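Predicted, not measured: the structure shown is a model, and the values here were computed from it. When reading the values below, keep in mind they use all heavy atoms of this one structure, side chains included, and skip hydrogens, waters and symmetry mates.
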There are 2 protein chains.
Amino acid sequence: MSETVYPLAGAAALERKGLRDRVYDLILDMLMTADIAPGARLSIDALARDLRVSPTPVREALVQLERTGLVVREALKGYRVAPPLADEQLEALFDARLVLECGAAELAARNAATLVPLLEHAVDEHRAIGERVRATAHEHGGTWPVELLREYFLIDWNFHHLIFEGTGNPFLLDMSEAISTRVHRMRQTVRSGLSDADEAVAEHAAILDALRSEGPEAAAAAMRDHIEKVRIRSRADVASP
Amino acid sequence: MSETVYPLAGAAALERKGLRDRVYDLILDMLMTADIAPGARLSIDALARDLRVSPTPVREALVQLERTGLVVREALKGYRVAPPLADEQLEALFDARLVLECGAAELAARNAATLVPLLEHAVDEHRAIGERVRATAHEHGGTWPVELLREYFLIDWNFHHLIFEGTGNPFLLDMSEAISTRVHRMRQTVRSGLSDADEAVAEHAAILDALRSEGPEAAAAAMRDHIEKVRIRSRADVASP
DNA sequence: TGTTCCAATATCCTATAGGAAAGATTCAAT
DNA sequence: ATTGAATCTTTCCTATAGGATATTGGAACA
C-alpha cells in the first residue's frame with residue numbers, strides 16, 4: 001500500500017484521501033480510544049448520523065475495518081464490535097507475532113545501516129516516555145490518564161513498526177497492520193504494558209544491539225526473546241485482574 | 001474468518017451470504033480466470049450494469065478486493081487492476097512466503113497427527129493431476145487448456161493451505177489469503193508451475209515426511225527448501241519468456 | 001507545428017428513498 | 001402465569017438521482 005517503504009517520508013500528508021478514508025480513521029480512533037463494549041452493535045445509519053455523512057462511506061469503512069478484525073459482520077444482521085480475544089486466541093496472536101516479527105527482524109538486518117539510527121531514536125523516545133509514566137504513577141497513584149496510555153502504546157509499537165518498514169517488504173508491512181490492530185485491542189482488555197516499561201525498553205535495546213553488531217539470526221533470537229517475555233507478562237496480567 | 005478451522009467441513013455452504021459476497025466472488029473469479037490487462041480500469045458503474053446489481057455492493061466488494069492486492073484504488077479516480085508484480089516485488093513475495101510458511105509449518109507440526117492424512121491425500125491428488133498434465137502435454141504439444149491449469153494450481157496451493165489450516169491459528173490463516181491471491185496472480189504472468197510438477201510433488205512429499213517422522217524444525221527446513229526452489233524456477237521462467 | 005486553454009463527457013462520490021428481513025413488544029389464549 | 005402468535009419498530013440492503021472531479025478532445029494561438 002504505502003508507496004514509500006523506507007523511513008517516515010511523510011508523503012502521505014498531502015495525498016488525497018476520499019471521505020471513506022476519513023470515516024475509516026474516525027471509526028478506528030473511536031474503537032481504539034473509547035471504551036466500547038465488545039459485541040455492541042455498530043449501526044450504519046447511526047454512525048452516518050453521528051458523523052454527518054451518508055451511509056455509503058460508513059459502509060465502505062466498515063468493510064475495511066472488518067478485515068482488521070476489530071469489527072465482525074453477520075450478513076443481513078449488521079456489524080458488531082469484535083468480542084475480546086479469548087485466552088486461546090491470545091496465544092495464537094503471540095504465535096503469529098513470533099512467526100512474523102522474528103522473520104521481519106531477520107530480513108530487516110539486511111538494511112541495518114539505515115535502520116539502526118531510526119531504532120535508536122525510537123528506543124530513546126520509549127525510554128523517555130517510560131520515565132514520564134513512572135513519574136505520573138507517583139502523582140496519580142496507580143491510574144494513568146488515557147492520553148498518556150495512548151502515547152505510550154504508540155511509541156512502544158513504533159519500534160516494531162520500524163522493523164517491519166525496515167524489511168522493505170510491502171507484504172510483510174501489510175500483515176503487520178493486521179497484527180497491530182489486534183495488539184492494540186488486546187492492550188485495552190489486558191491492562192498491562194505500563195508497569196513493565198523498563199523491561200520492554202531493555203528488550204528493545206537488546207534487539208537493537210543485535211541488529212547493530214551481530215547477525216540476522218541474533219536479531220531474530222532477540223525478537224523471539226522479547227515477544228516470549230511479553231507473552232509471559234500478559235499471561236500474568238490476565239490471571240490477576 | 002472461517003469458523004471451522006480444521007478440515008474442509010463445508011459448513012460454509014448454507015451460511016447466509018449477502019449480495020456483497022456474491023459480487024466479491026464473481027469479480028474475484030473474473031480477475032483470476034479472464035485475462036484482464038493490468039492497469040485496466042474497473043468502472044464501478046460498468047461492473048454494476050454487467051452484474052445487474054446496484055453500485056453499492058460492487059463498491060463494497062472492491063473495497064474488500066483492495067486489501068487482497070488484486071485491485072488498486074486512487075481516491076477520486078477509481079479502481080484499476082493491480083499492475084503485475086515487478087521483479088523486486090516478486091522477490092519480496094517469496095521472502096514473505098518464507099517467513100510465513102516456514103513458521104506455519106513449524107507450528108503445524110504440533111497437530112501433525114491430524115494433519116498428515118489430509119496432506120497425504122493432497123499429495124496424491126497433486127501427483128495424479130501432474131500425470132494428467134503430462135499426458136495432455138503430449139496431446140496438445142505445449143499448450144494446456146485453461147481449465148486444467150486452474151485445477152492444477154488449485155490442487156498445488158491446497159497443500160500449502162492445509163498447512164496454514166493445520167496451525168489452527170486464525171491470524172496466520174487470514175494472512176495466507178493475502179499471499180495466495182498474489183501467488184495465483186503471479187502464476188498468470190509467470191507461465192510456470194506445470195513443467196516442474198514432478199519436482200513440486202517431490203518437495204511437498206519431503207515436507208510431508210518431515211512432518212510425519214521428524215520434528216518441527218525439519219518441517220520448516222523442508223518448506224524453506226521448497227519455496228527457495230520455487231523461487232529459482234520462477235526466476236528462470238521470468239528470464240526466458 | 002507544438003502548446004495551451006477550454007469545454008464536454010464519463011466517472012466517481014455522496015445523498016436520499018423505498019423494500020425486506022430480523023428483533024422486540026404486546027396481546028390473547030390455554 | 002406462561003406460551004404463542006401477530007404486529008410494530010428498527011435496521012440493513014438495494015436502487016436511483018444529483019453534485020463534484022478527472023480525463024479527453026478540439027480549437028485557438030504563438
Side-chain angles (χ1 to χ4, degrees), chain A residues 1 3 11-28 30-31 36-83, chain B residues 1 3 11-28 30-31 36-83:
Chain A
M1 296 301 146
E3 196 65 38
L14 54 106
E15 110 187 346
R16 304 201 50 171
K17 295 173 68 172
L19 185 54
R20 189 197 93 185
D21 303 290
R22 272 183 294 171
V23 171
Y24 174 85
D25 290 337
L26 285 173
I27 300 180
L28 182 64
M30 184 186 307
L31 290 174
I36 299 186
R41 302 195 57 148
L42 286 175
S43 165
I44 293 176
D45 292 339
L47 283 171
R49 278 196 306 270
D50 291 351
L51 302 176
R52 307 292 177 82
V53 295
S54 79
T56 309
V58 174
R59 183 175 286 275
E60 291 178 321
L62 286 175
V63 174
Q64 211 172 346
L65 280 168
E66 189 186 355
R67 294 210 49 103
T68 68
L70 290 174
V71 159
V72 293
R73 162 179 176 268
E74 205 166 345
L76 306 179
K77 288 185 64 177
Y79 291 90
R80 312 182 80 92
V81 179
Chain B
M1 299 298 147
E3 195 66 36
L14 55 105
E15 111 186 346
R16 302 201 53 172
K17 295 173 68 174
L19 185 54
R20 189 195 93 186
D21 303 291
R22 272 184 293 171
V23 172
Y24 175 84
D25 290 337
L26 283 173
I27 300 180
L28 182 63
M30 184 186 306
L31 289 174
I36 299 187
R41 302 193 57 147
L42 286 175
S43 165
I44 294 176
D45 292 340
L47 283 172
R49 280 196 304 272
D50 292 351
L51 301 177
R52 306 293 177 82
V53 295
S54 79
T56 308
V58 173
R59 184 175 284 275
E60 293 180 18
L62 286 175
V63 174
Q64 211 172 347
L65 280 168
E66 189 187 354
R67 292 207 53 98
T68 69
L70 290 174
V71 160
V72 293
R73 162 179 177 269
E74 207 167 343
L76 307 180
K77 290 185 62 178
Y79 291 90
R80 313 182 79 91
V81 179

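Contact annotation: the side chain of Leu47(A) never approaches that of Val23(A) to less than 4.5 Å [non-hydrogen atoms, C-beta and beyond]. With a 4.5 Å cut-off on side-chain heavy atoms, Tyr24(A) and Thr68(A) count as touching. Under the 4.5 Å side-chain criterion, counting only non-hydrogen atoms from C-beta, Leu31(B) is in contact with Val71(B).
For Arg20(B) (side chain) and Ala61(B) (main-chain N/O), no donor-acceptor pair under 3.5 Å exists by modelled atom type.
Summarising the geometry, the separation between CG on Leu51(A) and P on dA15(C) is reported as 11 Å, rounded to the nearest angstrom. Distance CD (Glu60(B)) to C1' (dC13(D)): 9 Å, rounded to an integer number of Å. To the nearest angstrom, P of dA22(C) lies 15 Å from CZ of Arg80(A). A straight line from OH of Tyr79(B) to C1' of dA22(D) spans 16 Å, rounded to a whole angstrom. Spacing between atom CD1 of Ile44(B) and atom P of dT21(D) amounts to 17 Å, rounded to whole angstrom units. Atoms CG (Leu47(B)) and P (dC13(C)) sit 13 Å apart, rounded to a whole Å. Distance CZ (Arg59(B)) to P (dT16(D)): 16 Å, rounded to an integer number of Å. Rounded to whole angstrom, the span from the CG atom of Asp45(B) across to the C1' atom of dA17(D) amounts to 12 Å.
Checking the phosphate oxygens (OP1, OP2) of dC12(D), no side-chain nitrogen or oxygen of Lys77(A) falls inside 4.0 Å. Between Ser43(B) and dA10(C), a side-chain N or O to OP1/OP2 separation shorter than 4.0 Å is absent. Dashed line: the shortest gap from a side-chain N or O of Ser54(A) to OP1 or OP2 of dA15(C) is under 4.0 Å.
Proximity note for Thr56(B) (side chain, C-beta onward) versus dA15(D), dC13(D), dC12(C): the nearest is dA15(D). Picking from dA15(D), dT16(D), dA15(C) the nucleotide with the shortest atom distance to the side chain of Val53(B) gives dA15(D).
If you check every strand for non-hydrogen atoms under 4.0 Å, Leu42(B) touches sugar and phosphate atoms only.
Ion pairing between a basic and an acidic side chain is recognised when a charged N comes within 4.0 Å of a carboxylate O; Arg59(A) and Glu60(B) show such pairing.
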